[in-house]
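Inspection log for the structure reproduced underneath, given as structure tokens.
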Amino acid sequence: MPATRHPETRAIHVEIPDLDGARPLNVPLYQTANFAYDHTEDLAEAINRPESFAYLRNSNPTVRALENAVTSLEGGAAALATASGMGAIHTVLHTALSSGDHVIAQKHLYGGTFALLKDLAARFGIETTYIDAQDPAEVAAALRPTTKVLYLETLSNPTAQVTDLPAFFAAGQEAGLVSIVDNTFASPVGCRPIEMGADVVVHSSTKFLSGHCDVLGGIAVFADAGLHRSVWSRSLETGPIADPFAAWLTLRGLGTLGLRMRRHHENADALARFLSRHPGVEKVHWPGLEDHPGHAIAQRLLPNGYGGVFAIDVAGGRKETLEFTRRLQLADRAVSLGGYKTLVQQPSATSHRSMDAEGLRAIGITEGTVRIAVGLEHIDDLCADFAQALD
């Protein structure tokens, strides 16, 4: 698929192998764990090549189709699909880092990533310096001789902080770092960090890529085929590979990614503006609002919209917040995001539960913070539901 085609088109027209002149309209589900060869030498060769098929832990045609599709969407060289988003993050970091290395990461991070970095420090002496990610000079200031990785998020989880990715990638390249960015909140429709200088883009494909609240998966896309080969080799040892059925479900979701992302953004923008005027809400963390500190950067980096997730700080305290979430009727109290249903959760008790109170305060999360993953319902119904719950 030519790179000049829009991502909405590339997400629909996924490469599918011909079958003796016929071509299925959808990628077939190859639900098989292994592949047979007529000659032992051919099997021995195939099992050592990421482009061949021998065993599911190496690859699978359905999984490969997903990897190729997301590679095209992100403008990368190759991809590795995994069983979860954390599987992708874990495999990339464990390949890029060795004992005693150092990481520079923005302090506004998904709680699971924070927990993994904390574990790497305890187990392998891999330390992390957390930066505000507002000034690229922070990278040079945090640099050590052992620094190997710069880790960022396009839109931070859960407060939607926006980082000037091109400027930070340039700082990382100057220091010889591997720049990794979690693009889950934006999706490839909203942002393509590899085109801005990222080395690796990771997604929880559970979220917007699949979009139907029914699959668990992750994927890492690489700007360089050599780095992909290294991470693929590590994946053979650790075994995080995606299941074919999960990959098939994700491919099914990709076809409507462009339509869904437009509706997610429209609903989130309207709901965020509605809640910003409600006396029961102290603050709305949505980069589409003109008073959001990252609004100008978001307009430049995310011309197609800012995804469908934002956070609010409910007026009062823990009691009022719990009562508010309990009273919601359309929005379900559940973890995850990016599906067609609206979901709410308290980050302090769920996604960021591994952080202490001081760490939560440092990234703007309180007991009154509620993350809202806005779904595809009619916006009038969503506003009415949130209004009655706050009132």
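Nothing here was measured: the structure is a model prediction, and the numbers come from that model.
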Donor-acceptor under 3.5 Å (N267 side chain, G308 main chain): no
Any side-chain heavy-atom pair of L165 and C191 under 4.5 Å: yes
same_hphob_cluster(I47, L56) at 4.5 Å side-chain heavy-atom cutoff: no
Verdict with supporting geometry, E290 and R273, salt bridge (charged side-chain N to carboxylate O under 4.0 Å, His left out): CA-CA 10 Å; E290 289 71 18; R273 294 180 184 279; 3.2 Å; yes
Contact summary for L209 and P188, nearest pair of heavy atoms: CD2-CD, 3.7 Å
Side chain S179, main chain L150, donor-acceptor under 3.5 Å: no
Donor-acceptor side-chain pairing of Q346 and T325 below 3.5 angstrom: no
Check: E153 main-chain N/O paired with Q106 side-chain donor or acceptor under 3.5 Å: yes
Which atom of S99 lies closest to which atom of F124, heavy atoms considered: OG-O, 2.9 Å
Between S59 and R64: side-chain donor-acceptor atoms closer than 3.5 Å: yes
Whether Q173 side chain and G197 backbone form a donor-acceptor pair below 3.5 Å: yes
Beyond-backbone contact of E282 with T366, side-chain heavy atoms, under 4.5 angstrom: no
From NE2 (H13) to CZ (R5), nearest 0.5 Å: 8.0 Å
Minimum-distance pair of heavy atoms, taken over all atoms of A242 and V63: O-CG2, 3.6 Å
Aromatic ring pairing Y306/H295, orientation class (parallel under 30°, perpendicular over 60°, tilted between): perpendicular
Heavy-atom pair of closest approach, residues T342 and G375: OG1-N, 2.8 Å
Short N-O contact, D164 and R300, less than 4.0 angstrom: yes
Under 3.5 Å: donor-acceptor pair, side chain of S233, backbone of R229: yes
D391 CG: over 12 foreign heavy atoms closer than 6.0 Å: yes
Check against side chain to side chain contact (heavy atoms under 4.5 Å, CB included), L236 and N58: CA-CA 6 Å; L236 297 183; N58 296 58; 3.9 Å; yes
Expected output: side-chain H203 to main-chain G218 donor-acceptor under 3.5 Å: no
Side-chain heavy atoms of L275 within contact of F310, under 4.5 Å: yes
Within 6.0 angstrom of K341 NZ, more than 12 heavy atoms from elsewhere: no
Minimal non-hydrogen separation, A198 against V201, with atom names: CB-CG2, 4.3 Å
I219 reachable from L249 in the ILVMFWY side-chain graph, under 4.5 Å edges: no
Whether E138 side chain and A133 backbone form a donor-acceptor pair below 3.5 Å: yes
M261 side chain reached by E8 side chain, heavy atoms, under 4.5 Å: no
T369 and D313: CA distance, side-chain angles, deciding distance, side chain to side chain donor-acceptor pair (under 3.5 Å) verdict: CA-CA 4 Å; T369 301; D313 295 335; 2.8 Å; yes
Test: E266 and R263 ion pair at under 4.0 Å: no
Main-chain N/O of V374 paired to H264 side chain as donor or acceptor, under 3.5 Å: yes
Within one Ile-Leu-Val-Met-Phe-Trp-Tyr cluster: Y340 and L382, side-chain cutoff 4.5 Å: no
Exercise: do N48 and E45 side chains pair donor with acceptor under 3.5 Å: no
Donor-acceptor under 3.5 Å (R371 side chain, S336 main chain): yes
Enclosure of R318 CZ (heavy-atom neighbours >12, cutoff 6.0 Å): no
Side chain to side chain contact (heavy atoms under 4.5 Å, CB included) between F324 and F386, intermediate numbers included: CA-CA 8 Å; F324 158 65; F386 276 79; 3.7 Å; yes
Cluster link L251 to F53, ILVMFWY, side chain under 4.5 Å: no
N26 atom CG: more than 12 heavy-atom contacts under 6.0 Å: no
Close side-chain approach of F114 and T128, heavy atoms under 4.5 Å: no
Test side chain to side chain contact (heavy atoms under 4.5 Å, CB included) applied to C383 and L271, step by step: CA-CA 6 Å; C383 289; L271 184 60; 4.1 Å; yes
Pairwise side-chain contact, V139 with L177, heavy-atom cut-off 4.5 Å (strictly under): yes
Side chain to side chain, V202 and Y151, heavy atoms closer than 4.5 Å: yes
Test item: L302 and L155 side chains (from C-beta on) under 4.5 Å apart, heavy atoms: yes
Single hit among L254, N183, L337, V189 for side chain to side chain contact (heavy atoms under 4.5 Å, CB included) with F208: L337
Any donor-acceptor pair under 3.5 Å from S84 side chain to L216 backbone: no
Heavy atoms of other groups near E195 CD, more than 12 under 6.0 Å: yes
Nearest heavy-atom neighbours spanning T129 and R144: OG1-NH2, 3.7 Å
Joint cluster assignment, F35 & V27, ILVMFWY side-chain distance < 4.5 Å: no
